[in-house]
Protein chains: 2
Amino acid sequence: MSEPKPGRPPRAVDVAAAAEVSTATVSRVFNNPEKVAPAIRERVLATAKAMGWMPHAAGSALARRRSSIVGAVIPTLDNEVFAAQVGAMQAAFAERGITLLLSCFNYDQDQAVHDVQAMLARGVEALAIVGEAHRPELFAAIRARHIPYVVTYSHRPDSPHPCVGFDNRQAFHGIARHLLDLGHETIGVIIQPTAGNDRVAARLDGVRGALAECGLAVRPQHLCEGEWSIDFGRQSVRAMLATDPAPTAVICGNDYLAIGALLEARAMGLSVPRDLSITGFDDIAISRQLDPPLTTMHIDNHEIGRRAADYLLACLEGGQPAALPPLVPTLIRRGTTAPPGLG
Amino acid sequence: MSEPKPGRPPRAVDVAAAAEVSTATVSRVFNNPEKVAPAIRERVLATAKAMGWMPHAAGSALARRRSSIVGAVIPTLDNEVFAAQVGAMQAAFAERGITLLLSCFNYDQDQAVHDVQAMLARGVEALAIVGEAHRPELFAAIRARHIPYVVTYSHRPDSPHPCVGFDNRQAFHGIARHLLDLGHETIGVIIQPTAGNDRVAARLDGVRGALAECGLAVRPQHLCEGEWSIDFGRQSVRAMLATDPAPTAVICGNDYLAIGALLEARAMGLSVPRDLSITGFDDIAISRQLDPPLTTMHIDNHEIGRRAADYLLACLEGGQPAALPPLVPTLIRRGTTAPPGLG
DNA sequence: GCCCTCGATGTAAGCGCTTACATAGATCGT
DNA sequence: ACGATCTATGTAAGCGCTTACATCGAGGGC
């Protein structure tokens, strides 16, 4: 008997009145259709469609005590690695009627804490977060809400968090191993800032570990740490090659850095890989198109996103989620690595 | 006097009880702090913090009839152009306490309609949508809700929608003009699918218009339409160069296609730009790093995202939003264009 | 000293929806 | 033919918050 107020979106009670049923039936038609007689169901559906009504999410969330929202917290969308992960998560969640909230913390730990709190206030039912190097209060806040979460891009064996990712240390150990096997002994590293970034710190550690096994080390002047950008790759390799002895190979923290290194080395008249071997990490789309194509580690970012989403969905559906085995990045040997000193 | 139930997040009433005030005061502390005496305000704030309480968004949205959510509907995050736009929007909205909902329709119009409806059900207060080639019911649904929206990446002078973008037709007219001025007469085009993509259709139209002004046209065998990917750029340029007469210049619908064209032309032993001029569009990060660096149109995608967000925020705050002048992409003449026949 | 004003706080009525429980037919076994 | 059982639907009590309105004191003008 309620009067639908013109100019405002219709409510369930308006639809109920128009279809001559109760609001309970309207609700059931949309949430438990099998509990409603087909004839009535069709009538309600038709009425709702005619009136342009759909359940109002806030009201529904309140009554149901479920928001059907999950959050993704990433450093930035400007890196195609994270963009791909988010895209895959969004697709996986959308299939189950779950909406994705996105937030970029720009590698700022305080921002990340803030973002997570905002998401919790929004009632997210689960959370995916890139990396585990976050302030303790971030994880404390999540735990206090008892919601499932997952950390992506990290997979330390002894992490206290559920992780979807790979072992960064081991991956870079493998890269270093590859260069050592080729015979390199003077190896440079161009890498993202390690401070507050567990993944990057683990990578550097992996390189150091592999070198140490051969009694080698990274010389300070052969270690450049800075923002991941093509330009930083360029300037780093230029600086490094001015030292004596110059490195015969350089391991880069991601493909952007490696691309910069490659371009600059070529611009300096060096031949890659004859004069200098270069490795990347991530295998972004452009890498295999370069000349020579970049030797790098391939990471399946869509797979990471999908697995993270699947894990969280399993948690939400109450099931015991399957264990999360680490992903294994694969070394793609392309054209930028070769034995040293062939020049 | 309410009993805080253990194991569940605290509610405003729990905080009110603990701080010995009413729920109204608690609410005011968080929404209109200036209306509460400082002493009480501090006490409530401290209590809330101690209990880990923050207003529950669904309840608040319901009571306030405002969700503080806006939606962004884009084709895909796999294109750094859209990722950058979303990143900028997210940042701009976050500053005002507004949360961004994201959805990718993968260039599928039905998916876009579905996504928009889902967002409306979620109570988004505003919507940003890439492109205007959408089903009429998409815009009808938005209008029915009377919420502000904005179309990005399009800016036809006579569009019925508020737009943040540039005139695609004019932009490609400019590119073609550039090549014509250099003396090219046989010009190929490698472009994304035009069906259901107003922006791309306008681009092709711009090229055709400029050629027509000189009594020229794109030969059918010099027009390749397909998914934007480096590989499609490669195969297209290869096919095109096998025709007779072969084009002396090729205009690409975006930088990815242009990169493919450039790489393949070089792989075929051609010298760019001596044997073939190539243009891109978007000016993605890698483009200026190529060898030779790519001549392309620069689009400021962050700016588009920011303007779209600012416009929507202005609408939400009730102000008459400023007019939306078109952005003007600028042609960046780098190393892939030159007069023809210098070989 | 009294009444009025005004600012600070409390009371309580929703916001739109879901769902436990109540109810009313229908079905069925005996 | 009667109660037990079931199914389809309705009734109404919240979910957690905001806010119009009521209330209560403290100041202030006369």
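Keep in mind that this is a model prediction, so the values were computed, not measured. All heavy atoms count here, side chains included; hydrogens, waters and symmetry mates do not. Letters A, B, ... mirror the listed sequences (proteins, then strands); counts begin at 1.
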Got a list of side-chain donor-acceptor pairs under 3.5 Å for residues 310-319 of chain B, not counting sequence neighbours?
unit_1	atom_1	unit_2	atom_2	d
B:E317	OE2	B:R96	NH1	2.8

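- Rounded to a whole Å, the CZ atom of B:R122 is 17 Å from the P atom of C:dG16.
- The distance from atom CE of B:M54 to atom C1' of D:dG16 is 15 Å, rounded to the nearest whole Å.
- Residues in residues 37-81 of chain A take part in these ring-ring contact (aromatic ring centres under 6.0 Å, His included) pairs, two or more places apart or across chains: A:F30-A:W53.
- For residues 45-70 of chain A, every residue pair satisfying the salt bridge (Lys or Arg N to Asp or Glu O under 4.0 Å) rule, not counting sequence neighbours, is listed here: A:R66-A:E125.
- With A:H134 contributing its side chain and A:V130 its backbone, the two residues share a donor-acceptor pair below 3.5 Å.
- Where the helix from C:dG1-D:dC30 to C:dT30-D:dA1 starts and where it ends, the local axes point in directions that differ by 40°; five pairs per end, rounded to 10°.
- As a whole-Å value, the separation of A:H56 NE2 from C:dG16 P is 7 Å.
- Atom-to-atom, CZ of B:R145 to P of C:dG16 comes out at 12 Å; the value is rounded to the nearest Å.
- Among pairs with a residue in residues 69-92 of chain B, none fulfils salt bridge (Lys or Arg N to Asp or Glu O under 4.0 Å), at least two apart in sequence or across chains.
- Evaluation of the salt bridge (Lys or Arg N to Asp or Glu O under 4.0 Å) test over residues 145-154 of chain B, restricted to residues two or more places apart or in two chains, returns none.
- In this entry the distance linking CZ of A:F30 with C1' of C:dC17 reads 12 Å, nearest Å.
- B:N32 has its CG atom 10 Å from the P atom of D:dT18, to the nearest Å.
- Taking atom CZ of residue A:R41 and atom C1' of nucleotide D:dT7, one finds them 14 Å apart after rounding to whole Å.
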Under 3.5 Å, which donor-acceptor pairs link side chains of residues 155-163 of chain A to any protein atom two or more places apart or in another chain?
unit_1	atom_1	unit_2	atom_2	d
A:H155	NE2	A:L324	O	3.1
A:R156	NE	A:E132	OE2	3.0
A:R156	NH1	A:D158	OD1	3.1
A:R156	NH2	A:E132	OE1	2.8
A:S159	OG	A:E132	OE1	3.2
A:S159	OG	A:H161	N	3.0
A:H161	ND1	A:Y149	OH	2.7

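- Among the atoms of the strands shown, base atoms are found under 4.0 Å from some heavy atom of A:S27.
- Every residue two or more places apart in sequence or in another chain that forms a side-chain contact (heavy atoms from CB on, under 4.5 Å) with B:A57 is listed here: A:R122.
- Regarding contacts with the backbone of D:dC15, every side-chain N or O of A:R65 stays at 4.0 angstrom or more from both OP1 and OP2.
- Atom-to-atom, CZ of A:R64 to C1' of C:dT19 comes out at 10 Å; the value is rounded to the nearest Å.
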Report, as a single string ordered 5' to 3', how protein heavy atoms within less than 4.0 Å touch nucleotides 8-13 of chain C: B base, S sugar-phosphate only, - not at all.
-BBBB-

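- A side-chain donor from one of A:N301 and A:Y153 sits under 3.5 Å from a side-chain acceptor of the other.
- For A:R11, counting side-chain heavy atoms from C-beta on, the closest listed nucleotide (D:dC17, C:dG16, D:dT19) is C:dG16.
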